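Let me begin by presenting the structure, written as structure tokens, before commenting on it.
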Amino acid sequence: MTVRTRFAPSPTGYLHIGGARTALFNWLFARRNNGKFVLRIEDTDVARSTGESIQAILDGMEWLGLTWDEGPFFQSKMFDLYREHAKKLLDAGLAYRCFCTAAELEARREAALKDGRPPKYDGRCRARVDAPDMPYAVRFKMPASGSTSFNDIVKGGISFDNSTLEDLIILRSDTTPTYNFCVVVDDATMGITHVIRGDDHINNTPKQIHIYNALGHGVPVFGHLPMILGSDKTRLSKRHGATSVMAYKEMGYLPHSLVNYLARLGWSHGDQEIFSIEEMVEKFSLDSVGKSSGVFNPEKLLWLNHHYIKETGEADLVPLLLPFLSALGIDASSDARLAAIIKTLKERSKTLIEMADGAVFYFKDKVDYDAKAVEKFLTPDTLPLFEEIQAGIAGITAFEEPVIEAAFNAVLNARGLKLGKLAQPVRVALTGGTVSPGIFEMMAAMGKEMTVKRLNDAIGFIKGRAG
RNA sequence: GGUCCUAUCGUCUAGAGGCCUAGGACGUGGCCCUCUCAAGGCUAAAACCCGGGUUCGAAUCCCGGUAGGACCGCCA
């Protein structure tokens, strides 16, 4: 039997961190077992589902590289299928018509809660023989006694007393189907073998098992993943920072960083922290998924992103960085220096946004000098140093790091100075500030033309200040 | 209120009864390296929720507390 998993989000918002991890684990499990991964959109709540949300979810999946083998299927297009199955249950006496109105139900629920009783439907329409001419919902008959248990692949054995289960509505009075019914019909008809989802669905599982049974279908394997919490240990929400997957793209994260982070949130393989996609697929196992909920840690994600930026080749980073430069008004798409520039920035950029910010000085026509930096380093006594290094640099034909370094050493040795005395003023002249990549690699990346021009500009600037 | 789930450093986790003086990673502190900032190297502080069992021996198994969380819709 080939493994079939699915991710079944409801399109009422963007793809969030928790959903992404559920999707990832389903994807990983399917890949690991040479199975199929199905995408299904659970949009039975027509009022709350939107086209934008569907697109946002698809975009998020695609960005993360979670490709699906089948789908997307839309529940809203399969209403007839659910009605058909509901009718079968009705005909078989496994479900019944309920004429209670939503208002009545609500009133009874409130009363029960107030009295401290379980707010469970009392089954009053179960034995009803008349059929008033009014709208009705279809309820599923839950067994009143006994117990239901299943062996959860991540949590272990779980058991429920059937007396706690209520006759749930499977078809609303407007004839649209409800969640618990659709999931079962779909998972059954789509041949899903492993239902891997958040553990907020554990309480739904016994109800669904009975529906499987009523439908005469085998029950899949269930695996319930622990929740992802915010720093205050409550369910992750906007309060804890960005929860949208695509927000991380916009903040300059690489998709692999998020995937690696999410994989390790809940799953582990010994002490290993860094996984390529291939390694994850090869090593993934639901047995190694932890049972307890985990706190989302943005710092660790940032560390991973920094790691992968360092690991990714400059050429591969070029197209990823371009949009972030555009956002700063820089069109570097035809600048041949870009790969070399990125190389100087990788070690000090935790995100692509930081990298773009750090790259700005390479592209501007004129340098904006930082006032404090000017006071400290563009002083009159540095003028001779600038003139000497400018001459040395201008004379270089092969503009490469070792040659540039030699030019610096020539000036330094003649005067018995340490590199810092020359490097800092030059850094200010070239970038406007006191923080930048290493001076030689930076000059090489900047190119001779711009370097010499900025040195000249600095000389003129210092002379201007003195005079 | 009921049902269900969970419990190792601040956080993610390793740990399948003796390999545990509880390991790794993020973060934090210190030192080294150094042209700034980083990166890198070394290093330090930091945890088995509590109480009972079982056992020669328990972080690990059992029971009970406690604490968190999830769910109890004609939402998904």
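Since the structure is predicted, the reported quantities are computational estimates derived from the model, not experimental observations. Residue numbers start from 1 in every chain, and the chains themselves are labelled A, B, ... in the order their sequence lines are given, proteins ahead of strands.
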So, do A:F440 and A:F408 have ring centers that fall under 6.0 Å from each other?
yes
Are A:H201 and A:Y179 an aromatic pair by the rule of ring centers under 6.0 Å?
yes
So A:W267 and A:F284, would you call those rings parallel, tilted or perpendicular, with 30° and 60° as cut-offs?
tilted
Report yes or no: is there a donor-acceptor pair, N or O only, under 3.5 Å between the side chain of A:E347 and the base of B:G40?
no
Would you kindly give the CD1-to-P distance between A:I228 and B:U11, to the nearest whole Å?
16 Å
Say we look at B:A14 and B:U6: how far apart would their P atoms be, to the nearest angstrom?
15 Å
Does this structure show an ion pair linking A:R108 with A:E104, if we count only N-O contacts that are shorter than 4.0 Å?
yes
Counting heavy atoms not belonging to A:K343, are there more than 12 under 6.0 Å from its NZ?
no
In the structure shown, which nucleotide is the Watson-Crick or G-U wobble counterpart of B:A22, with both distances under 3.5 Å?
none
For residues 401-422 of chain A, which residue pairs qualify under side-chain hydrogen bond (donor to acceptor under 3.5 Å, both in side chains), counting only residues two or more places apart or in two chains?
A:E388-A:R415
Of B:U36, B:U11, B:C4, the nucleotide closest to the side chain of A:I202 is B:C4
When we call it a touch if two heavy atoms are under 4.0 Å apart, what does A:K310 touch: a base, just sugar-phosphate, or nothing?
sugar-phosphate
Which one is paired to B:C75, where only Watson-Crick or G-U wobble pairs with both distances under 3.5 angstrom count?
none
Taking the P atom of each, how far is B:U28 from B:G64, in whole Å?
43 Å
Verify ring-ring contact (aromatic ring centres under 6.0 Å, His included) between A:Y369 and A:F461, making sure each step is shown before the conclusion.
CA-CA 10 Å; A:Y369 296 127; A:F461 178 79; 4.7 Å; yes
Partner of B:C42 under the Watson-Crick or G-U wobble criteria, both distances under 3.5 Å, comes out as B:G30
Euclidean distance for C1', B:A38 against B:C32 (whole angstrom)
16 Å
Considering only the C1' atoms, how many Å lie between B:G29 and B:G10, rounded to the nearest integer?
14 Å
Identify all pairs in which a protein N or O lies below 3.5 Å from an N or O of nucleotides 74-76 of chain B, and state each distance.
residue: B:C74; atom: OP1; partner: A:R109; partner atom: NH2; Å: 3.2
residue: B:C74; atom: O3'; partner: A:R172; partner atom: NE; Å: 3.4
residue: B:C74; atom: O2; partner: A:S173; partner atom: N; Å: 3.0
residue: B:C74; atom: O2; partner: A:S173; partner atom: OG; Å: 3.0
residue: B:C74; atom: N3; partner: A:S173; partner atom: OG; Å: 2.9
residue: B:C74; atom: N4; partner: A:C100; partner atom: O; Å: 2.6
residue: B:C75; atom: OP2; partner: A:R172; partner atom: NE; Å: 2.0
residue: B:C75; atom: OP2; partner: A:R172; partner atom: NH2; Å: 2.7
residue: B:C75; atom: O3'; partner: A:R172; partner atom: NH2; Å: 3.1
residue: B:C75; atom: O2'; partner: A:D45; partner atom: OD2; Å: 2.8
residue: B:C75; atom: O2'; partner: A:R48; partner atom: NH2; Å: 3.0
residue: B:C75; atom: O2; partner: A:R48; partner atom: NH2; Å: 3.2
residue: B:A76; atom: OP1; partner: A:T44; partner atom: OG1; Å: 2.6
residue: B:A76; atom: OP1; partner: A:R172; partner atom: NH2; Å: 2.5
residue: B:A76; atom: OP2; partner: A:R172; partner atom: NH2; Å: 3.1
residue: B:A76; atom: OP2; partner: A:Y179; partner atom: N; Å: 3.0
residue: B:A76; atom: O3'; partner: A:E42; partner atom: O; Å: 3.2
residue: B:A76; atom: O2'; partner: A:S10; partner atom: OG; Å: 3.1
residue: B:A76; atom: N6; partner: A:N204; partner atom: ND2; Å: 3.4
residue: B:A76; atom: N1; partner: A:N204; partner atom: ND2; Å: 3.4

Position toward the 5' end of RNA chain B (nearest nucleotide), A:D271 or A:F160
A:F160
Show your reasoning for whether ring-ring contact (aromatic ring centres under 6.0 Å, His included) applies to A:H306 and A:Y253.
CA-CA 9 Å; A:H306 191 16; A:Y253 285 76; over 10 Å; no
Rounded interatomic separation in angstrom, taking CG from A:D199 and C1' from B:G68:
13 Å
Separation of the P atoms in B:U3 and B:G73, to the nearest angstrom
15 Å
Please state how far atom CZ in A:F150 lies from atom P in B:C4, giving the value in whole angstrom units.
11 Å
Any base atoms under 4.0 Å from A:S436, or only sugar-phosphate, or nothing? Heavy atoms, all strands.
base
Would you check if there is a donor-acceptor pair between the side chains of A:R427 and A:T434 at a distance under 3.5 Å?
no
To the nearest 0.5 Å, atom CG of A:D357 lies from atom OG1 of A:T351 at 7.5 Å
Nearest whole Å is fine: how far is B:C71 C1' from A:Q208 CD?
12 Å
Could you check whether A:G294 gets within reach of a base, just the sugar-phosphate, or nothing at all, counting any heavy atom under 4.0 Å?
sugar-phosphate
Rounded to whole Å, how long is the line connecting atom CZ of A:F275 with atom P of B:G24?
17 Å
Contacting residues from residues 260-270 of chain A, given that a heavy atom lies under 4.0 angstrom of RNA chain B
A:R264, A:L265, A:G266, A:S268, A:G270
List in chain and number order the residues that pass salt bridge (charged side-chain N to carboxylate O under 4.0 Å, His left out) with A:K283, two or more places apart in sequence or in another chain; answer none if no residue qualifies.
A:E279
Would you say a side-chain N or O of A:K233 is under 4.0 Å from OP1 or OP2 of B:A67?
no
Which base sits across from B:C37 as a Watson-Crick or G-U pair, both distances under 3.5 Å?
none
Pairing check on B:U3: which nucleotide meets the Watson-Crick or G-U wobble criteria with it, both distances under 3.5 Å?
B:A70
Nearest to side-chain heavy atoms of A:R348, which nucleotide of B:U6, B:A39, B:A38:
B:A38
Has the side chain of A:T431 got a donor or acceptor atom that lies under 3.5 Å from a matching backbone atom of A:G433?
yes
Which listed nucleotide (B:G24, B:A38, B:C5) is nearest to the side chain of A:E273?
B:G24
Using atom NZ of A:K418 as one end and atom P of B:C33 as the other, report the distance to the nearest whole Å.
11 Å
Short side-chain donor-acceptor distance under 3.5 Å, A:R172 and A:T176:
yes
Using atom C1' of each nucleotide, how far apart are B:C61 and B:A25 to the nearest Å?
29 Å
Protein-nucleotide distance (A:N203, atom CG; B:C71, atom P), rounded to Å
9 Å
Could you list all N or O pairs between the protein and nucleotides 27-31 of chain B that sit under 3.5 Å apart?
none

Identify whether any heavy atom of A:P206 sits under 4.0 Å from a base atom; if not, whether one sits that close to sugar-phosphate; answer base, sugar-phosphate or nothing.
nothing
When the P atoms of B:G17 and B:C33 are considered, how many whole Å apart are they?
48 Å
Rounded to whole Å, how long is the line connecting atom NE2 of A:H224 with atom C1' of B:G69?
15 Å
For atom P, what is the distance between B:U54 and B:U66, given to the nearest Å?
23 Å
Show me the donor-acceptor pairs within less than 3.5 Å that the side chains of residues 9-18 of chain A make with the rest of the protein, sequence neighbours left out.
residue: A:Y14; atom: OH; partner: A:T243; partner atom: OG1; Å: 2.9
residue: A:H16; atom: ND1; partner: A:G18; partner atom: N; Å: 3.3
residue: A:H16; atom: ND1; partner: A:G19; partner atom: N; Å: 3.3

Within the structure shown, what part of the strands sits under 4.0 Å from A:I439 by heavy-atom distance: base, sugar-phosphate, or nothing?
base
